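To start, the structure under review is shown below, and the notes come after it.
Numbering starts at 1 and runs along the sequence shown. Owing to the predicted nature of the structure, the values given are computational and were not obtained by experimental measurement.
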Amino acid sequence: MKVHETSIEGLLRIELDLQPNADGWFEESFHRDKLAAAGIPPYDVVQHNVTYFERAGVLRGIHAEPWDKYLSPSAGGVFVAIVELHTGQVETFELGPGDALYVPRGLGNSFCTTAPHTVYNFLVNESWSPERIAVNPFDPELAIQWPSLELSYTERDAASPSLAEVRTRQA
């Protein structure tokens, strides 16, 4: 397991040990002690969510929730865009099995499936609540270069305010 800092403070990319075997592969996707030894802040998981996407191109908007997240695909692939809401800085990642991200609370996170039959795991350290900040994933200020796929997204995400509007509301 290797942990890499990113250009956004607190956002960490994790290379997991993917061990091929005769039947496919094995991955230890989360091990609190090993992650702590590698520099991940103490992280007590209270909820583990798994979501399955049948096709590529499913986009979920930029959401900043009041909890830390540990994200890891166990099948398929995702393009992930993380937004630092104060500066508008964006960092993107292509993740597949063997990859994970630690996303501290308050950073906007969004993703788009890049392969059919994608399984995406979300470990969070607070129970789910509807409280969140949403930003339009197509905001020109952010200029996220989403994968060249036929995108499927919710009207709610597409109708989310721009980052400038979010900042004005928080001021």
Item to check | Set of residues satisfying salt bridge (charged side-chain N to carboxylate O under 4.0 Å, His left out) with respect to Arg167, sequence neighbours excluded | outcome: Glu141
Next on the checklist: Assess, by modelled atom type and distance only, whether the side chains of His48 and Asn121 contain a donor and an acceptor separated by less than 3.5 Å.
Outcome noted: yes
Checklist entry - For the side chain of Ser110 and the backbone of Ala81, is there at least one donor-acceptor N/O pair under 3.5 Å apart? => result yes
Item to check | Considering all heavy atoms, the nearest Ser160-Asn136 contact | outcome: O-CB, 3.2 Å
Next on the checklist: Whether the Thr51 and Arg60 side chains hold a donor-acceptor pair (N or O, under 3.5 Å, no angle test) is what I'd like checked.
Outcome noted: no
Item to check | Output field: ring centroids Phe93/Phe111 closer than 6.0 Å | outcome: no
Item to check | Which atom of Glu126 lies closest to which atom of Val124, heavy atoms considered | outcome: O-CG2, 3.2 Å
Checklist entry - Between Glu28 and Lys34, does a salt bridge (Lys or Arg N to Asp or Glu O under 4.0 Å) hold up when you go through it step by step? => result CA-CA 10 Å; Glu28 189 174 71; Lys34 288 181 181 178; 2.9 Å; yes
Checklist entry - Can you check whether Tyr52 and Tyr120 have ring centres sitting under 6.0 Å from each other? => result no
Next on the checklist: Does this structure show an ion pair linking Arg32 with Asp44, if we count only N-O contacts that are shorter than 4.0 Å?
Outcome noted: yes
Checklist entry - Would Tyr43 and Val103 show up in the same hydrophobic cluster when neighbours are defined by side-chain heavy atoms closer than 4.5 Å? => result no
Next on the checklist: Under a 3.5 Å threshold, yes or no: a donor from one side chain and an acceptor from the other, between Ser162 and Glu165?
Outcome noted: yes
Next on the checklist: Go through it in stages, so that I can follow the logic: the residues are Leu12 and Thr6, the test is side-chain contact (heavy atoms from CB on, under 4.5 Å), and I'd like the CA-CA distance, side-chain angles, deciding distance and then a yes or no.
Outcome noted: CA-CA 6 Å; Leu12 301 171; Thr6 67; 5.9 Å; no
Next on the checklist: Could you work out, with salt bridge (charged side-chain N to carboxylate O under 4.0 Å, His left out) as the rule, every residue matching Asp99, not counting sequence neighbours?
Outcome noted: Arg13
Checklist outcome for this item: Scanning both residues in full, the closest heavy-atom pair of Leu149 with Thr113 reads CD1-O, 3.5 Å
Checklist entry - Any luck finding a side-chain donor-acceptor pair between Glu15 and His4 under 3.5 Å? => result yes
Next on the checklist: Treating Asn109 as the side-chain partner and His63 as the backbone partner, does any N or O pair qualify as donor plus acceptor under 3.5 Å?
Outcome noted: yes
Next on the checklist: Can you see whether Gln47 engages Asn49 through a side-chain donor-acceptor pair at a distance of less than 3.5 angstrom?
Outcome noted: yes
Next on the checklist: Assigning hydrophobic clusters by single linkage (Ile, Leu, Val, Met, Phe, Trp, Tyr; side-chain heavy-atom cutoff under 4.5 Å), is Leu123 placed with Leu35?
Outcome noted: yes
Next on the checklist: Taking the six-membered ring for Trp, are Tyr70 and Phe122 closer than 6.0 Å centroid to centroid?
Outcome noted: no
